[in-house]
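One structure below.
Just follow the structure's listing: the first ligand is 1, and inside any ligand the first atom is 1. Scope of the values below: all heavy atoms of this structure, side chains included, with no hydrogens, waters or symmetry mates.
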Amino acid sequence: MRPGENTRYCIFARAIFIKIKVFTSKDKKTNNMEQEKLNIVRHSLAHLLGAAVKSIWPDAKIATGPAIENGFYYDFDFTTPITEKDLGKIEQKMREIFKKWQSLEKKNISYEEAKKLFEGNPYKLELIEEYNKDGKELSIYTSGDFTDLCAGPHVVNIDDIKMDAFKLERIAGAYWKGSEENKMLTRIYGLAFPTKEELEAYIKQIEEARARDHKKIGKELGLFVFSDLVGPGLPLYTFKGAAIRKEIMDYSRELQEAIGYQEVHTPNINKAELFKVSGHYEKYKDDMIKVMSNYSKEEYFLKPMNCPQHTQIYGSEARSYRDLPIRIADFANLYRDERPGELNGLTRLRCFCQDDAHAFCREDQIKEEFVNVLGIIKKALITYKMEYTIRLSLWDPAKPEKYLGEASVWERAQKILEDILVENKIDYIRAVGEAAIYGPKMDIVTKDSLGREWQISTIQLDLIMPERFKLTYTDKDGKEKTPIMIHRAIIGSPERFMGILIEHYSGNFPLWLAPVQIKVVPVRENHNKVAKQVGDELKTNGFRVDCDLNEGNMGGKIRDAKTNKIPYTIIIGDKDIAVNKITVENRDKGQLGQMDLKEFITKIKKEKENRE
Ligand SMILES: [Zn+2]
Ligand SMILES: [Zn+2]
């Protein structure tokens, strides 16, 4: 993934929901050096893995073994297949062999020597031929009795390889050179970090992430389904999933209405012409889904973003400087033609919407617009209990050809944004070269409860699109001027955000978001009538209630409430009916004891309204 590439064009950016890493330029330097050092250790571990495998299976053929993110791998051609059960044995052998290693010694060799040395290994022979053809120097690295064809570099001090900071992770099939036409080899993956603590923390994070996988929890809680008949990347939200989605959208609505945004409703298909004017056609045609009409010859597309349509609403009337800002919000469905192999649960979809909006304003209004939007984004992220940092994405003045518009306009716009951050004492990092092609932006990078970073919110200044669509307003002096366009998203796509939230909360949604908020359980069948009355009263008060009057015992029903992570369970039995009360249990706090139904309703209404 190349987040930089993908965030460059409006909220069209795919990367909005892709985990990203953020570096300042200073961090980048130190990080690069440390990363290089770590890669050398990881690659040296790949040699050790090769040595261990050759020691256990002398007839296995070694292919290639590079360093990768989080560790390393080595590809082998085994005569008898191995399984993950063998990983412990291999790891043990690696530790055993390592004790005998003094160093990784480099030696340059001739083409003939190389061919002789790797005789019988078609993979190495193929590489030798290639390197030789390219005029590359051939070299080998030897440690103990293991020799590998390798250009290096490797650790100078063998003790840099920490035996307690690596672990073999898994095995997978991998085609030689990644081509399906070649033989399938066995890839052994290993994890490696600078310290034991970092390795353990990573393993813990992976296990936790696996347990919280939104696809797994989404299925367990019955939030959404996929159907082969509907198609990949097109989820169907159940009653429960739709309830969460609606809450997320309603909250974004509430936040944006408070700062003057109004909602419009726009169609899902557009003539290609619209995207030709906006410039999306040229850049993103292949990412848009084409639509055929029986009656018109023109090219149509399902829209991947709302901005071009909103320009048409703005442009439908003559605008005066007094009318501005005009703030347009839209929850229309958006479509992107993702590769089926890249689709992933709710975080990578073909159909979704966004809490997407556009403000058309004068230059002197930019500051206030940005401050207001930053305010609601901050409020939302506090509610969702997510930490965040702000990245100011600027253009790269060394590469003006990558951007639209004049240098002077860029410098002026960027200064406005930076001034806002400085004046409001907001911490931020500068990211040169990360701007959209039409203007600078503020990207809000959030952290979920597992410490993973997501870019979900964004505010972007657009100096180009209004001009392309020839949008104008009449200024105080009677002259026609071009408005500035601001693109913004609070939490981005409610559907994708739901995927993130499932993992962030591990399915334990706070009351306001929970698909079922309260479960009412009668102790015995003769308590059903009162239980139903209680359930109805709660529903009348606007809560999502599961009043469980089915056959089956109380224990099973309470267990079911726990499995479904329902915030409140109410038990109705003789002791409750006798004193006209209910017994309440909270998912996170445990037993709350007996309560008046009225008192309980007041309490949870407040909890819901405050989105606690
Ligand atoms: Zn090597
Ligand atoms: Zn936009």
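For F469 and Y314, the ring centers are positioned 6.0 Å apart or more.
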Please set out all donor-acceptor pairs under 3.5 angstrom arising from side-chain atoms of residues 157-171, sequence neighbours excluded.
from	atom 1	to	atom 2	distance (Å)
N157	OD1	D159	N	3.1
K162	NZ	D159	O	2.9

Side-chain donor/acceptor pairs under 3.5 Å, residues 132-146, sequence neighbours excluded:
from	atom 1	to	atom 2	distance (Å)
S139	OG	C150	O	2.5
T142	OG1	T147	OG1	2.9
S143	OG	S103	O	3.3

Under 3.5 Å, which donor-acceptor pairs link side chains of residues 44-51 to any protein atom two or more places apart or in another chain?
from	atom 1	to	atom 2	distance (Å)
S44	OG	I40	O	2.8
S44	OG	H154	ND1	3.0
S44	OG	V155	N	3.4
H47	NE2	H43	NE2	3.4
H47	NE2	H154	NE2	3.0

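At a cut-off of 2.8 Å, measuring from the Zn ion (ligand 1), the protein N, O or S atoms that fall short of it are H43 NE2, H47 NE2, C150 SG, H154 NE2, waters left aside.
Between V371 and E368, the closest side-chain pair of non-hydrogen atoms is not below 4.5 Å. Looking only at side-chain heavy atoms (C-beta outward), T186 and D75 stay at 4.5 Å or farther from each other.
The Zn ion (ligand 2) is closest to atom ND1 of H487 (considering only N, O or S atoms). Shortest distance from the Zn ion (ligand 2) to H358 is reached at NE2 (N/O/S atoms only).
Of the charged side-chain nitrogens involved, none lies within less than 4.0 Å of a carboxylate oxygen, so that E363 and K481 do not count as a salt-bridged pair.
Put simply, H310 stays out of reach of the Zn ion (ligand 2), with no N, O or S atom under 2.8 Å from it.
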